[in-house]
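Have a look at the structure below before the remarks.
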Amino acid sequence: MPGLVIVGAQWGDEGKGKATDQIGERVDYTVRYSGGNNAGHTLVVDGETYAMHLLPSGILNPNCVPVIANGVVVDLDVLFEEIDGLKARGVEAADRLLVSANAHIIAPYHKVLDRVTERFLGNRKIGTTGRGIGPAYSDKVNRLGIRIQDLLDEKILRQKVEASLEQKNHLLVKVYNRAAIRPDEVAEHLLSYTERLAPMIADTARVLNDALDQDKVVLFEGAQAHHLDIDHGTYPYVTSSNPIAAGACTGSGVGPMRINRAIGIAKAYTTRVGEGPFPTELLDETGEKLRADGGEYGVTTGRPRRCGWFDALVVEAAATINAFTDIFLTKLDVLTGWEEIPVCTAYEVDGERTSVLPMTQSGFHHAKPVYEMLPGWSEDITDARKFSDLPRNAQAYVRFLEEKIGCRISGIGVGPSREESIMLNDLI
Ligand code: IMP
């Protein structure tokens, strides 16, 4: 029975938390499989807002086992901050949460390196969240990473921290003009979490395969988004992991045949934080209005998000590469009040028209959007619960996007809270 994966179809912040939570009630396991606390989920339940960065958003459902799988990089300070923060609001997470023994740890030096590297890059910076994500994944690939399981063997942990810092301290002192970081201090800091973490550490790949064998519903929850994927996104302006649906397999240890539903989350317009190409970006008061209407400020960094019209090429590419079975379209209500709504259905790239994403980075940077204009609507749609409750032009907007993306739209968000949604097809 079902393995489902949820993936952002644009550049992140599509409202995945809301969609995840929408189907969360029927889910037995929710699994984070990539990224770290660079993600930001905002969940609104019973009027209460919860902002989470690392914990799977299914954490609020007491019948669900939240899993941080092997593909995630874990900042232990943040993990326990979130666990304690939820406990203070009456949500007990610690006794349900499982953390993969193979997940990598974001050590304090990764955060330092993230910030100094960005500063060093100057105007070639990536605009990272500064959470140490890139340096932690670099160490993983360089085989210099510290894993969760290393906390269970103090001697090994100390050796690994020392080995990892040896080269970095030369870099920090000689290139970046910073103080060296003491390995023993880092090791002490990490070991201070061992006692609390130990009961949560598990062979999560085994746990998840067993759960699927028993017909449990397992929801793989992508962080970031398709176009921030290290392989398929707008490299180098991407994150350092694989948020795409296929990343759920490597990032959690289940085979591709076990995932039978891939749900893409797309905002009814487009946003992006950090640097990188964004053909439909609006740098004028139109973009400012979208930002204000949509509350487009980062959950993780508070940065204002870059805003623009819906780009069908961006979402179509994600639908193709992730083989989306369904799209959940979020924040349709934010578009209420425009007389006309442009949708980008092609690019002009160096004098040529294309209806698919350019193959090269240069092509993407040169792309000029070609818009088709759709009539807007002025009625408040936040109370709509059936597709037929939507004004005719809002319905036409949804159907137009569906046709351009080439994937059915199965859910529509019409407001921030859980209930403010229209479901056209069941997601499970
Ligand atoms: P990093 O993941 O912190 O290394 O940042 C790399 C790029 O991904 C930057 O452009 C970030 O702004 C972007 N990014 C990372 N996480 C998210 C997210 O959850 N939503 C949107 N953008 C993100």
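Source: prediction; values computed, not measured. One-based numbering, in listed order, for ligands and for the atoms of each.
Between the side chains of Thr320 and Glu316, at least one donor N or O lies within less than 3.5 Å of an accepting N or O. Counted by atom type alone, Tyr347 and Asp311 present one or more donor-acceptor pairs between their side chains at under 3.5 Å.
For residues 82-127, the set of pairs meeting the ring-ring contact (aromatic ring centres under 6.0 Å, His included) definition, not counting sequence neighbours, comprises Phe120-Tyr176.
Taking the six-membered ring where the residue is Trp, Phe80 and Tyr193 present parallel rings, their angle staying beneath 30° rather than reaching 60°.
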Write 'none' if nothing qualifies; otherwise put on separate lines each N/O atom of ligand 1 with a protein N/O atom under 3.5 Å away and their distance to 0.1 Å.
from: ligand 1; atom 1: 2 (O); to: Asn38; atom 2: ND2; distance (Å): 2.9
from: ligand 1; atom 1: 2 (O); to: Thr239; atom 2: OG1; distance (Å): 2.6
from: ligand 1; atom 1: 3 (O); to: Thr129; atom 2: N; distance (Å): 2.8
from: ligand 1; atom 1: 3 (O); to: Thr129; atom 2: OG1; distance (Å): 2.6
from: ligand 1; atom 1: 10 (O); to: Val273; atom 2: O; distance (Å): 3.3
from: ligand 1; atom 1: 12 (O); to: Gly127; atom 2: O; distance (Å): 3.3
from: ligand 1; atom 1: 12 (O); to: Val273; atom 2: O; distance (Å): 3.4
from: ligand 1; atom 1: 12 (O); to: Arg303; atom 2: NH2; distance (Å): 2.9
from: ligand 1; atom 1: 16 (N); to: Asn38; atom 2: O; distance (Å): 3.3
from: ligand 1; atom 1: 16 (N); to: Gln224; atom 2: NE2; distance (Å): 3.2
from: ligand 1; atom 1: 19 (O); to: Asn38; atom 2: O; distance (Å): 3.2
from: ligand 1; atom 1: 20 (N); to: Asp13; atom 2: OD1; distance (Å): 3.3
from: ligand 1; atom 1: 20 (N); to: Asp13; atom 2: OD2; distance (Å): 3.4

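With sequence neighbours left out, Phe328 forms a ring-ring contact (aromatic ring centres under 6.0 Å, His included) with no residue at all. By the ring-ring contact (aromatic ring centres under 6.0 Å, His included) test, Tyr237 pairs with no residue at all, sequence neighbours left out.
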